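Just so it is clear, the model here is predicted, and its values are computed rather than measured. Residue numbers start from 1 in every chain, and the chains themselves are labelled A, B, ... in the order their sequence lines are given, proteins ahead of strands.
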Amino acid sequence: MALQFHNTLSGRVEEFQPLEDLKVRMYTCGPTVYDFAHIGNFRTFVFQDILRRHLKYRGYQVNQVMNLTDVDDRTIANSQAAGVPLRDYTAKFIEAFQADRDLLGLDPPERLVRATDHIEPMVRLIETLVQKGFAYESDGSYYFRVKNFSDYGKLSKIDFSGIKDGARVDTDKYDKADARDFVLWKAAKEGEPCWETALGSGRPGWHIECSVMAMTYLGETIDIHSGGSDLVFPHHENEIAQSEAATGKPFARFWLHAEHLIVNGGKMSKSLGNFYTLRDLIALGYPPTAIRYLLASVPYRKPLNFSLEGLQQARQAIERLRNFHYRLTTQKFPAGQNSDLQAKARAGAEAFGQALDDNLNTAEALGAIFNLVRDGNTAMDAGEFRDGDRAAFLDALERWDMIFAVLDDRDYDKLKKYGLVKEEPSVVRLEADLREAGGGNGAGRVTLGEQEIERLVSERNHARQNRNFARADQIRDELLDAGVILEDTRNETRWKRK
RNA sequence: GGCGCGGUACCCAAGUGGUAAGGGAGAGGUCUGCAAAACCUUUAUGCGACGGUUCGAUUCCGUCCCGCGCCUCCA
């Protein structure tokens with residue numbers, strides 16, 4: 001099956017081909033950095049990450065530009081409330097965004113660009129629109145004249161016939177000639193940040209930044225433009241109007257929109273107060289990979305029901321994959337080959353690739369990999385798995401993880417890097433604390449270092465060999481209280497963090 | 001009202017004109033000093049409702065019900 005995506009512009013699933021051989025020019029709408037992003041925002045960013053990873057997996061060269069909206073009403077309001085200059089205020093949340101991206105395993109885009117670094121080209125684009133009769137000035141602000149752009153509405157399919165032409169309305173606190181017109185440039189207001197430009201003193205409207213940054217770095221026609229479904233109108237509709245009015249060329253060929261995260265039956269949003277940030281969930285003890293898995297597990301065009309129970313389910317699912325990966329890399333198998341098994345592994349890899357080709361059907365891709373896990377485990381348990389089969393399964397699993405990126409448990413390291421886990425205590429203190437607390441009653445769960453854990457595991461196994469089960473069980477309980485689960489197998493004791 | 005997404009087992013969630021992937025949870029089993037973990041097996045005559053087309057529909061058509069999103073703050 002050919003690679004295909006649902007294109008909002010046509011309303012259909014279409015075969016994807018870049019404009020220029022294997023080069024994909026992709027623009028993705030990033031966050032407005034007025035606060036921490038919540039995981040509803042990250043649903044879209046995870047989708048975009050899956051998209052770019054799959055494109056690369058299929059051999060395309062991806063050139064992705066992601067914007068950071070670092071000036072708008074909310075950003076200004078919040079920075080003023082905090083008494084911090086706009087640039088410093090947004091820098092803090094850009095940093096937080098980068099950390100969250102890293103925690104979620106999102107590959108960095110080729111360019112991450114800030115709106116306020118592109119004021120000059122925005123001004124030039126607005127000037128072009130004025131010259132071509134698509135924009136006008138009013139009280140120092142500039143507006144896009146929608147009635148002059150006949151394609152307006154082609155993305156969102158919104159019918160504007162009911163809106164009266166020429167009605168003078170005051171939305172957004174600025175005057176414009178037509179209710180549909182939208183602001184390109186806002187005249188400076190007392191006490192707000194502004195830029196001195198050829199258009200006068202002011203700041204850019206929201207939509208113009210994306211048109212400018214996309215065209216600056218990717219050219220007048222790009223292959224893919226994506227964002228959340230709430231951006232279809234007005235944001236993306238307006239981007240099309242601005243860009244195509246200026247250039248006379250198609251702005252973006254494929255428009256991909258992610259559906260929202262739903263929580264308790266409604267969209268997760270800041271204004272409803274029903275949101276979690278990544279840090280909130282980490283503080284509740286959920287690992288970033290589980291969050292990534294959950295966000296990636298539902299195909300992007302479907303609303304995703306978010307719940308803590310769902311996160312727990314995601315965590316368990318990842319465990320199953322990691323356990324299989326662990327078996328594959330560590331267990332001893334008889335020499336030889338089992339060609340039937342290897343065929344299954346290859347078929348599994350083929351199946352998940354095809355699932356992703358089909359408009360990024362991540363749910364089906366998951367099904368494919370879990371089938372492979374079961375086939376592998378069953379063969380291992382039955383003694384039919386051979387050493388020569390290892391590579392085929394490992395290859396399939398690792399290829400799969402090039403997209404999903406949840407196999408490698410780097411959570412703990414990353415959390416430490418960003419100071420999101422407690423310091424490791426010494427084992428001596430731990431044991432003392434545990435005894436004092438009567439075996440640890442959950443108050444202030446402590447975190448053990450690997451060496452301490454290994455030492456306790458080894459001590460326990462000595463005790464077991466000497467049939468000192470009381471001591472062995474005591475150590476097991478202590479480790480469990482410290483969040484370490486032991487797994488006794490025939491040959492060894494494996495441990496992992498809860 | 002317009003546009004869009006959805007209604008599949010206890011929960012999450014794929015999918016197909018030919019009789020329902022996968023994950024979680026539950027149950028049973030294997031293993032084990034015990035336990036846990038791990039692994040295996042198992043769980044929808046049923047896919048919002050009612051009609052229609054068809055040899056056959058959850059899948060196509062029609063009508064209807066319900067949930068959600070967008071309609072100039074919003075990933």
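Among the atoms of the strands shown, none is found under 4.0 Å from any heavy atom of Ser297(A). In this structure, Gly30(A) reaches the sugar-phosphate backbone alone: every heavy-atom distance under 4.0 Å involves primed, P, OP1 or OP2 atoms, never a base. Heavy atoms of Arg74(A) sit under 4.0 angstrom from primed sugar atoms or phosphate atoms, though from no base atom. Within the 4.0 angstrom heavy-atom criterion, no nucleotide atom of any strand lies near Gly310(A). Asp72(A) comes within contact range of no nucleotide atom at all, as no heavy-atom separation falls under 4.0 Å. Using a 4.0 Å heavy-atom cutoff across all strands shown, Leu261(A) reaches at least one base atom of the nucleic acid. Backbone-only engagement by Leu231(A) is indicated by non-hydrogen atom pairs under 4.0 Å involving sugar-phosphate atoms exclusively. Across all strands shown, Val298(A) has heavy atoms under 4.0 Å from sugar-phosphate atoms exclusively, and none from any base. Looking at heavy-atom distances under 4.0 Å, Lys270(A) makes no contact with the nucleic acid at all.
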_If you apply the rule ring-ring contact (aromatic ring centres under 6.0 Å, His included), what do you find for Phe352(A) with Phe404(A), and how did you get there?_
CA-CA 11 Å; Phe352(A) 83 73; Phe404(A) 282 85; 7.8 Å; no
One pair to check against ring-ring contact (aromatic ring centres under 6.0 Å, His included): Phe93(A) and Tyr89(A). What are the steps and the verdict? CA-CA 7 Å; Phe93(A) 289 108; Tyr89(A) 182 80; 5.2 Å; yes
Using distance only, find each side-chain donor-acceptor pair of residues 29-37 of chain A under 3.5 Å and give its atom names and separation, not counting sequence neighbours.
| from | atom 1 | to | atom 2 | distance (Å) |
| --- | --- | --- | --- | --- |
| Thr32(A) | OG1 | Arg74(A) | NH2 | 3.3 |
| Tyr34(A) | OH | Arg74(A) | NH1 | 3.3 |

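Side-chain N/O atoms of Thr32(A) include one lying less than 4.0 angstrom from OP1 or OP2 on A75(B). Under 4.0 angstrom from either OP1 or OP2 of A37(B) there lies no side-chain N or O belonging to Asn323(A).
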Are there any protein N/O atoms within less than 3.5 Å of an N/O atom in nucleotides 47-49 of chain B, and if so, which ones and at what distance?
none

Tabulated below should be each protein N or O lying under 3.5 Å from an N or O of nucleotides 28-30 of chain B; please produce it.
none

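Sorted by first and then second residue, the side-chain hydrogen bond (donor to acceptor under 3.5 Å, both in side chains) pairs with a member in residues 263-273 of chain A read Ser269(A)-Ser271(A); sequence neighbours excluded.
One can place CG of Leu106(A) at 16 Å from P of A75(B), the figure rounded to the nearest angstrom. Following rounding to the nearest Å, Glu259(A) (CD) and A13(B) (P) show an atom-to-atom distance of 13 Å. We find that CG of Leu304(A) is positioned 14 Å from C1' of G69(B), with the value rounded to whole Å. Atom-to-atom, CG of Leu272(A) to P of A75(B) comes out at 13 Å; the value is rounded to the nearest Å. Straight-line distance from the NE2 atom of His6(A) to the P atom of C3(B): 15 Å, rounded to whole Å. In this entry the distance linking CD1 of Ile262(A) with P of A13(B) reads 10 Å, nearest Å. In this structure, the CD1 atom of Ile76(A) is 13 Å from the C1' atom of C73(B), given to the nearest Å. The distance from atom CZ of Arg315(A) to atom P of A37(B) is 14 Å, rounded to the nearest whole Å.
Residue Arg460(A) places its side chain closer to C34(B) than to any other of A14(B), C70(B), C34(B). You'll find that the side chain of Lys267(A) is closest to A75(B), out of G33(B), A75(B), A14(B). Distance from the side chain of Phe182(A) is smallest for U72(B) among the nucleotides U72(B), G33(B), A14(B).
Between the side chains of His207(A) and Glu237(A), no donor-acceptor pair is found at a separation under 3.5 Å. For the residue pair Glu454(A) and Trp495(A), a side-chain donor N or O sits within less than 3.5 Å of a side-chain acceptor on the partner.
U19(B) sits 25 Å from C12(B) when the C1' atoms are compared, rounded to a whole Å. Separation of the C1' atoms belonging to U30(B) and G22(B) is 23 Å when rounded to the nearest angstrom. Atom P of C10(B) sits at a distance of 13 Å from the matching atom of G46(B), rounded to the whole Å. Here, G17(B) and A36(B) have their C1' atoms 48 Å apart, quoted to the whole Å. With both ends at atom C1', the span from A44(B) to A21(B) equals 13 Å, rounded to whole Å. Distance check on atom P: U43(B) versus A57(B) gives 24 Å, rounded to whole Å. If you take atom P in A25(B) and the same atom in U41(B), they sit 16 Å apart, rounded to whole Å. G15(B) sits 10 Å from G6(B) when the P atoms are compared, rounded to a whole Å.
For a distance-only test at 3.5 Å, the side chain of Asp488(A) qualifies as a donor-acceptor partner of the base of A35(B). In this model, a side-chain donor or acceptor of Asp473(A) finds a partner on the base of G33(B) within 3.5 Å. The base of C34(B) is paired with the side chain of Arg476(A) by a donor and an acceptor separated by under 3.5 Å.
In terms of the salt bridge (Lys or Arg N to Asp or Glu O under 4.0 Å) criterion, Asp411(A) has no residue partners (sequence neighbours excluded). Judged as a salt bridge (Lys or Arg N to Asp or Glu O under 4.0 Å), and not counting sequence neighbours, Asp280(A) has no contacts. Residues satisfying the salt bridge (Lys or Arg N to Asp or Glu O under 4.0 Å) criterion with Arg320(A), sequence neighbours excluded, are absent altogether. Applying the side-chain contact (heavy atoms from CB on, under 4.5 Å) rule to Asn305(A) yields the partners Ile262(A); only residues at least two apart in sequence or on another chain are considered. Applying the ring-ring contact (aromatic ring centres under 6.0 Å, His included) test to Tyr286(A) and every residue at least two apart in sequence or in another chain returns nothing. Among residues two or more places apart in sequence or in another chain, the salt bridge (Lys or Arg N to Asp or Glu O under 4.0 Å) test is passed with Asp401(A) by none.
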For RNA chain B, the expected dot-bracket line (Watson-Crick or G-U under 3.5 Å, [ ] crossing, | inter-strand) is (((((((..(((.....[...))).(((((.......))))).....(((((..]....))))))))))))....
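With salt bridges taken as basic N to acidic carboxylate O contacts below 4.0 Å, none links Glu350(A) and Arg346(A). Remark: Arg53(A) engages Asp49(A) in a salt bridge, criterion side-chain N to carboxylate O under 4.0 Å.
For the atom pair Met122(A) CE and Glu209(A) CD, the distance stands at 5.5 Å (nearest 0.5 Å).
Using a 5.5 Å limit on the distance between ring centres and a 30° limit on the angle between planes, the aromatic ring of Phe469(A) counts as stacked on the six-membered base ring of G33(B).
Side chain of Lys157(A) to main chain of Leu9(A): a donor-acceptor pair is present (N/O by atom type, distance under 3.5 Å, no hydrogens or angles).
Taking the six-membered ring where the residue is Trp, Phe333(A) and Phe385(A) present tilted rings, their angle falling between 30° and 60°.
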Protein-proximity profile, nucleotides 22-27 of chain B, B/S/- by nucleotide at the 4.0 Å heavy-atom cutoff, equals SBBS--
